Visitor: 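Got a structure for you, questions after.
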Amino acid sequence: MRLLFYFVPLFLLLLKCLFATGVKNITTDQSALLAFKLHVSDPRGVLANNWSISYPVCNWVGITCGARHRRVVAFYLSDMGLGGTIPPHLGNLSFLVYLNISHNHFHGHLPNELGQLRRLRVISLTNNELIGSIPSWIGALSKLRYLFLQNNSFIGPIPDSLFNLSRLQNLDIMYNMIDGSIPSRIGNLSRLMNLNFGYNNLQGMFASTSISSL
Ligand SMILES: *[C@@H]1O[C@H](CO)[C@@H](O)[C@H](O)[C@H]1NC(C)=O
Ligand SMILES: *[C@@H]1O[C@H](CO)[C@@H](O)[C@H](O)[C@H]1NC(C)=O
Ligand SMILES: *[C@@H]1O[C@H](CO)[C@@H](O)[C@H](O)[C@H]1NC(C)=O
Ligand SMILES: *[C@@H]1O[C@H](CO)[C@@H](O)[C@H](O)[C@H]1NC(C)=O
Ligand SMILES: *[C@@H]1O[C@H](CO)[C@@H](O)[C@H](O)[C@H]1NC(C)=O
Ligand SMILES: *[C@@H]1O[C@H](CO)[C@@H](O)[C@H](O)[C@H]1NC(C)=O
Ligand SMILES: *[C@@H]1O[C@H](CO)[C@@H](O)[C@H](O)[C@H]1NC(C)=O
């Protein structure tokens, strides 16, 4: 009981310090999402009335929150006619595990801030109009299992860091303008089950193939 007497105020003080130094919470997620909404074009008005502060973030279309911590874990806005560039604010969704914005009209570069999303397991950017090279920060997303970049306008070589993604199971970069060669380090991706490199400018053994169950 005496211990409790000391620890409760200490604990409250600690909490207060954490908040004062700007710990992220669902409010951070909400501002990131509102910034996204402001930034992108949404001709079908999918987000217009739905992503409103009058309703809980966790009920917004395309958004799923974690059962325990109630932070945004999934961002699923595939095929909603969205366009524009991807705003850096998405990098504030620090609990994000699943990102699927496939089949839209996003263009421009991927913002570096996405490299902060260290919990990501799935990224699908399939069928957009994204440009630039595959960023090297992708190799820092050590939990990544699925990476779908199919049918964009990515250029340049596959970054070396990508071969550090030891949990990668599915890699699809088909229909881009990726060049260079496929390094032997690809053999280090021991969990890889699906690999799709076709329709790029790659050289080497696997360059035009699609490989299942390596
Ligand atoms: C989130 O944190 C901020 C301070 O960083 C605080 O003002 C706000 O009340 C918190 N929101 C929730 C829902 O806990
Ligand atoms: C927003 O969209 C979701 C999913 O379609 C729906 O469940 C929810 O009721 C909508 N909210 C509002 C306020 O329209
Ligand atoms: C979210 O990210 C943006 C851009 O990366 C940054 O300027 C902003 O301060 C962040 N907001 C919060 C609430 O963390
Ligand atoms: C992304 O969404 C599309 C459309 O619903 C779906 O077909 C695809 O399987 C999803 N990708 C992943 C990796 O979940
Ligand atoms: C690639 O995406 C464009 C739209 O951005 C679409 O018209 C085209 O059919 C897609 N091609 C393939 C091979 O999926
Ligand atoms: C890959 O990981 C190793 C060890 O974790 C690290 O030293 C190296 O810098 C990483 N390589 C790249 C290209 O990120
Ligand atoms: C492949 O992985 C092994 C063991 O993790 C490591 O020792 C080796 O340096 C890696 N090879 C390359 C080319 O990254």
Side-chain angles (χ1 to χ4, degrees), residues 12-35 40-41 43-44 46 53-66 68-86 89-90 92-108 110 114 117 119-132 138 141 143-155 165 167-178 191-201 208 210 212:
L12 288 178
L13 192 72
L14 187 72
L15 267 186
K16 213 178 147 199
C17 285
L18 280 176
F19 282 117
T21 55
V23 133
K24 291 183 174 173
N25 58 24
I26 188 71
T27 311
T28 323
D29 292 352
Q30 177 176 286
S31 3
L33 296 174
L34 290 174
V40 303
S41 69
R44 295 188 208 156
V46 178
I53 53 169
S54 315
Y55 311 107
V57 176
C58 301
N59 293 350
W60 293 0
V61 62
I63 299 302
T64 306
C65 292
R68 191 171 43 84
H69 51 64
R70 307 303 290 163
R71 296 285 307 274
V72 174
V73 294
F75 189 99
Y76 175 53
L77 291 174
S78 182
D79 198 11
M80 296 203 168
L82 302 174
T85 57
I86 301 173
H89 306 83
L90 283 193
N92 287 346
L93 297 174
S94 41
F95 278 76
L96 204 63
V97 172
Y98 179 90
L99 174 66
N100 190 343
I101 53 171
S102 60
H103 305 276
N104 284 296
H105 302 285
F106 289 109
H107 63 257
L110 290 177
L114 293 184
L117 300 175
R119 291 182 168 90
L120 275 176
R121 291 177 184 211
V122 178
I123 298 180
S124 178
L125 308 173
T126 296
N127 279 36
N128 279 283
E129 292 141 36
L130 298 163
I131 62 167
I138 211 90
L141 307 177
K143 301 197 167 149
L144 208 57
R145 286 158 166 75
Y146 296 87
L147 180 60
F148 295 99
L149 305 178
Q150 191 180 334
N151 196 18
N152 280 280
S153 297
F154 289 113
I155 57 165
L165 295 174
R167 294 182 181 155
L168 205 60
Q169 294 174 9
N170 212 315
L171 174 63
D172 189 336
I173 59 169
M174 192 156 80
Y175 294 110
N176 279 284
M177 292 172 285
I178 305 294
R191 309 252 174 102
L192 210 56
M193 297 195 298
N194 272 294
L195 178 62
N196 211 337
F197 277 159
Y199 301 93
N200 281 288
N201 301 319
S208 59
S210 163
S212 288

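If you're wondering where the values come from, they're calculated on a predicted model, not measured in any experiment. First listed ligand is number 1; within each ligand, the first listed atom is number 1. Below, all heavy atoms of this structure are taken into account, side chains as well, without hydrogens, waters or symmetry copies. Along the sequence shown, residues are numbered consecutively beginning with 1.
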Visitor: Using modelled atom types and a 3.5 Å cut-off, is there a donor and acceptor pairing between side-chain atoms of N59 and backbone atoms of P56?
Guide: no
Visitor: Give the numbers and elements of all ligand 1 atoms closer than 4.0 Å to a heavy atom of N25.
Guide: 1 (C), 2 (O), 3 (C), 8 (C), 10 (C), 11 (N), 12 (C), 14 (O)
Visitor: Can you tell me how far apart CZ (R71) and CG (D29) are? Round to the nearest 0.5 Å.
Guide: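 Reported value, rounded in 0.5 Å steps: 4.0 Å.
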Visitor: With a 4.0 Å cut-off on heavy atoms, does Y146 reach ligand 4?
Guide: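 Outside the 4.0 Å threshold, so no.
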Visitor: Rounded at 0.5 Å granularity, tell me how far CG in L110 sits from CG in L149.
Guide: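 Going from the CG atom of L110 to the CG atom of L149 covers 7.5 Å.
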Visitor: Please indicate, with yes or no, if any protein heavy atom is found under 4.0 Å from atom 11 (N) of ligand 5?
Guide: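 Protein heavy atoms within 4.0 Å of atom 11 (N) of ligand 5 - there is at least one.
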Visitor: Could you tell me the residue and atom name of the protein heavy atom closest to atom 5 (O) of ligand 5, and the distance to it rounded to 0.1 Å?
Guide: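 That would be E129 OE2, 4.0 Å.
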Visitor: If you round to the nearest 0.5 Å, how far is CG of L130 from CG of N104?
Guide: 10.0 Å
Visitor: Between F95 and H69, what is the ring plane arrangement, given parallel below 30°, perpendicular above 60°, and tilted in between?
Guide: tilted
Visitor: We want to know whether N127 and N151 form a side-chain donor-acceptor pair, criterion being a heavy-atom distance below 3.5 angstrom.
Guide: yes
Visitor: Does the side chain of I101 come within less than 4.5 Å of L82's, by heavy atoms?
Guide: no
Visitor: List every atom of ligand 4 that sits less than 4.0 Å from any heavy atom of S102, numbering the atoms from 1 in the order shown and giving each element.
Guide: 1 (C), 2 (O), 3 (C)
Visitor: Hey, is atom 14 (O) of ligand 4 under 4.0 Å from any protein heavy atom?
Guide: yes
Visitor: Purely on distance, is any nitrogen or oxygen of Y98 under 3.5 Å from one on ligand 4?
Guide: yes
Visitor: Under 4.0 Å from a heavy atom of T27: give me the atoms of ligand 1 that qualify, with their elements.
Guide: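 Ligand 1 atoms under the 4.0 Å threshold to T27: 1 (C), 10 (C), 11 (N), 12 (C), 13 (C).
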Visitor: Does the protein come close to atom 7 (O) of ligand 4 - that is, does one of its heavy atoms sit below 4.0 Å from that atom?
Guide: no
Visitor: At a 4.0 Å threshold, what atoms of ligand 5 neighbour a non-hydrogen atom of N151?
Guide: 1 (C), 2 (O), 3 (C), 8 (C), 10 (C), 11 (N), 12 (C), 14 (O)
Visitor: Give the numbers and elements of all ligand 4 atoms closer than 4.0 Å to a heavy atom of S78.
Guide: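 In order of number, 2 (O), 3 (C), 4 (C).
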Visitor: Could you give the distance from CG (L171) to CD1 (I138), rounded to the nearest 0.5 Å?
Guide: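 Between atom CG of L171 and atom CD1 of I138 there are 9.5 Å.
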Visitor: Output the distance between atom CZ (R191) and atom CD (Q169), rounded to the nearest 0.5 Å.
Guide: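 So the CZ of R191 and the CD of Q169 are separated by 7.5 Å.
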Visitor: Minimum heavy-atom separation for L144 and V122, please, with both atom names.
Guide: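 Scanning both residues completely, I find the closest heavy atoms to be CD1-N, 4.0 Å.
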Visitor: Enumerate the atoms of ligand 5 whose separation from the nearest heavy atom of Y175 is less than 4.0 angstrom.
Guide: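 Numbered from 1, ligand 5 contributes 13 (C).
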Visitor: Judging by distance only, is a nitrogen or oxygen of H103 under 3.5 angstrom from one on ligand 4?
Guide: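 No.
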Visitor: List every atom of ligand 4 that sits less than 4.0 Å from any heavy atom of V122, numbering the atoms from 1 in the order shown and giving each element.
Guide: 13 (C)
Visitor: State the atoms of ligand 4, each with its element, that fall below the 4.0 Å cut-off from a heavy-atom position in F148.
Guide: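 That gives atoms 13 (C) of ligand 4.
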Visitor: Taking only heavy atoms of N100 into account, list the atoms of ligand 4 that are under 4.0 Å away from them.
Guide: 1 (C), 2 (O), 3 (C), 8 (C), 10 (C), 11 (N), 12 (C), 14 (O)
